[in-house]
Amino acid sequence: MGSLRLCSRSACRESAIATLTYVYADSTAVLGPLATYPEPHCYDLCHEHAQRLTVPRGWQVLRLELPDAPRLASDELSALADAVSEPRRPAQHRAETTVEPQGGGAPSSSARNAPAPMEPPADADGGRGSLRILREPR
């Protein structure tokens with residue numbers, strides 16, 4: 001499936017496949033595969049903008065190998081649409097498990113301070129498949 005991040009160029013709505021980073025001290029632009037996480041001083045580019053990249057006079061471009069332009073197959077789109085629109089299955093009762101500390105001592109401070117698990121709100125839509133928000137426990 002294609003990237004969820006979009007090209008950083010104005011008015012471009014294509015999926016990003018590359019990340020552009022400037023190394024100002026070396027007057028170099030590095031264009032490589034899409035970074036795992038978005039960085040504040042990097043630019044994500046689509047296939048077209050990555051191929052057309054130009055840099056200021058006197059700068060170098062270091063081009064790392066890029067993946068081919070992603071193509072989202074129609075069967076992937078159909079599968080995604082079906083997954084979102086299908087009715088929810090009844091929830092299975094999950095057994096709550098607790099891990100006892102070794103030696104039978106008191107629970108660790110991280111276990112005592114851990115937030116309670118989040119529970120989904122009561123169904124207001126009659127079980128229709130949809131995205132939902134989990135509310136913070138009070």
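Not measured: the values here are computed from a predicted model. Any value given below was found using the heavy atoms of this structure, including those in side chains, with hydrogens, waters and symmetry copies removed.
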> May I have the step-by-step check of side-chain contact (heavy atoms from CB on, under 4.5 Å) for Val61 and Leu53, ending in yes or no?
CA-CA 9 Å; Val61 178; Leu53 174 70; 4.2 Å; yes

> Taking it one step at a time, do His49 and Cys12 satisfy side-chain contact (heavy atoms from CB on, under 4.5 Å)?
CA-CA 9 Å; His49 286 120; Cys12 184; 3.6 Å; yes

> Looking at Pro33 and Leu64, what are the two nearest heavy atoms and their distance?
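For Pro33 and Leu64, the tightest heavy-atom pair comes out as CD-CB, 4.2 Å.
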
> Just jot down the side-chain contact (heavy atoms from CB on, under 4.5 Å) partners of Cys42, sequence neighbours excluded, or say none.
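In terms of side-chain contact (heavy atoms from CB on, under 4.5 Å), with neighbours along the sequence ignored, Cys42 is linked to Thr19, Thr21, Glu39.
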
> With clusters defined by side-chain heavy atoms of hydrophobic residues (ILVMFWY) lying less than 4.5 Å apart, directly or transitively, does Val23 cluster with Tyr43?
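No, no single cluster joins them.
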
> What pairs of residues pass the salt bridge (Lys or Arg N to Asp or Glu O under 4.0 Å) test when at least one of them lies in residues 51-64, not counting sequence neighbours?
Glu48-Arg52

> With distance as the sole test, does Arg5 use its side chain to make a donor-acceptor pair with the main-chain N or O of Ala35 at under 3.5 Å?
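Answer holds: yes.
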
> Between Ser8 and Asp44 (side chain of the first, backbone of the second, donor and acceptor by atom type, cut-off under 3.5 Å), is there such a pair?
yes

> Enter the distance from Cys46:SG to Arg13:CZ here, rounded to the nearest 0.5 Å.
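Reported to 0.5 Å precision, the distance equals 11.5 Å.
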
> Between CD1 of Ile17 and NE2 of His47, what distance do you get to the nearest 0.5 Å?
5.5 Å

> Taking only residues two or more places apart in sequence, or in another chain, which ones meet Ala18 in a side-chain contact (heavy atoms from CB on, under 4.5 Å)?
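Counting only residues at least two positions away or on another chain, Ala18 forms a side-chain contact (heavy atoms from CB on, under 4.5 Å) with Leu31, Ala50, Leu66.
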
> Under a single-linkage definition using a 4.5 Å side-chain heavy-atom cutoff for Ile, Leu, Val, Met, Phe, Trp and Tyr, are Leu45 and Leu62 assigned to the same hydrophobic cluster?
no

